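Below, chains carry the letters A, B, ... as their sequence lines are ordered, and counting in each starts from 1. In this text, all values refer to a predicted model and were calculated from it rather than measured experimentally.
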Amino acid sequence: MDIQKYFESAETMDLARDMLGHTFTYESNQGKFSGLIVETEAYLGPIDMASHSYNGRHTKANDPLYQAGGTIYIYSIHSWLDMDISIQKAGTPNGILIRGLQPLEGLDLMEKNRSKTGFDVSNGPAKWMAAFGIKDKALSGTFLNKNNFYFSAKKVQTPQEILTTPRIGVKNKEPWTSKNMRFIVKGNPYVSKLPKREMNLDTYGWL
DNA sequence: AGATGGATCGTCT
DNA sequence: GACGATCCATCTG
């Protein structure tokens with residue numbers, strides 16, 4: 001799969017939905033980490049009040065959003081780190097935030113890095129970053145599948161059902177606050193802020 | 001289970 | 001100097 005083409009040839013909202021069930025991998029000095037993507041959010045750039053590139057805002061820190069589809073964008077938030085994949089061709093600063101990963105490889109290290117066990121290891125955008133041992137923005141601006149980060153060409157698992165909801169943490173920005181731009185694998189326990197009663201512990205929401 | 005407030009720090013104004 | 005695309009502990013019921 002041409003990864004750049006994948007992230008440049010479809011609508012951002014459709015890509016955010018399609019990314020569920022693909023794997024995300026990080027080959028770090030500490031070891032190899034990988035997980036299934038179970039939760040994403042779409043950010044539509046200049047028109048989107050919740051986007052870091054709203055109204056054409058362009059700074060040194062958010063420059064990766066302006067680069068080719070498939071560029072990694074790491075940003076800090078309240079002393080934590082989050083990661084986007086830059087979406088669309090260079091110059092169109094859309095992004096998709098990866099909010100939750102179901103661990104596949106490197107779980108022992110992830111638990112160690114987080115000082116937590118269970119779903120809390122990676123059920124949030126800054127939690128999985130910490131679990132993967134990512135402590136700074138050194139790799140922001142690098143390109144997916146060329147350096148340390150890899151996105152699987154195909155879905156490794158298929159969601160039984162995908163739910164959409166408003167994005168987390170977007171306040172006082174109507175109409176963007178209430179738009180359904182968050183995509184989750186229904187029932188997967190690694191989805192952030194998921195109540196216990198909505199967890200499907202048999203299938204984790206996969207076919 | 002849901003709501004609330006504090007911690008904490010890089011980034012931009 | 002103010003502000004988060006967050007997390008966590010600590011309530012309340």
For nucleotides 11-13 of chain B, which of its nitrogen or oxygen atoms have a protein nitrogen or oxygen under 3.5 Å away, and what is each distance?
{"from": "B:dT11", "atom 1": "OP1", "to": "A:Lys137", "atom 2": "NZ", "distance (Å)": "2.5"}
{"from": "B:dC12", "atom 1": "OP1", "to": "A:Thr59", "atom 2": "OG1", "distance (Å)": "2.3"}

Can you name the atoms? Protein N/O to nucleotides 1-5 of chain B N/O, anything below 3.5 Å, with the distance.
{"from": "B:dG2", "atom 1": "OP1", "to": "A:Arg197", "atom 2": "NH2", "distance (Å)": "2.4"}

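A parallel orientation is assigned to the rings of A:Phe33 and A:Phe132, their planes being inclined by less than 30° (bins at 30° and 60°).
A:Met181 pairs with exactly one of A:Thr12, A:Ile96, A:Leu44 by the side chain to side chain contact (heavy atoms under 4.5 Å, CB included) rule, that one being A:Leu44. Tested against A:Gln102, the residues A:Trp206, A:Tyr190, A:Tyr204 include a single side chain to side chain donor-acceptor pair (under 3.5 Å) partner, A:Trp206.
Within the 4.5 Å cutoff, side-chain heavy atoms of A:Tyr6 are placed close to those of A:His22. With contacts defined as side-chain heavy-atom distances shorter than 4.5 Å, the pair A:Tyr54/A:Lys173 does not qualify.
Counting non-hydrogen atoms of neighbouring residues, nucleotides and ligands closer than 6.0 angstrom, the CD atom of A:Glu11 reaches no more than 12 such neighbours. The local environment of NZ in A:Lys137 is crowded, with over 12 non-hydrogen atoms from other residues, nucleotides or ligands closer than 6.0 Å.
For the pair A:Tyr43 OH and C:dG4 P, the interatomic distance rounds to 13 Å; values are reported in whole Å. What separates CG of A:Asn172 from P of C:dA5 is a distance of 12 Å, to the nearest Å.
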- Query: What string of B, S and - do you get for nucleotides 6-13 of chain C 5' to 3' if you count protein non-hydrogen atoms under 4.0 Å?
  - Reply: BSS-----
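Partners of A:Tyr150 according to the side-chain contact (heavy atoms from CB on, under 4.5 Å) rule, which considers only residues two or more places apart in sequence or in another chain, are A:Thr25, A:Glu27, A:Asn145.
Contacts classified as side chain to side chain donor-acceptor pair (under 3.5 Å) and involving residues 122-131 of chain A (residues at least two apart or in different chains) are given here: A:Asp120-A:Lys127, A:Asn123-A:Lys127.
For the pair A:Lys155 and A:Asp18, the salt-bridge criterion is met [side-chain N within less than 4.0 Å of a carboxylate O].
For DNA chain C, the stems formed by at least three consecutive Watson-Crick or G-U pairs, with both atom-pair distances below 3.5 Å, span B:1-7 with C:6-12, B:9-12 with C:1-4.
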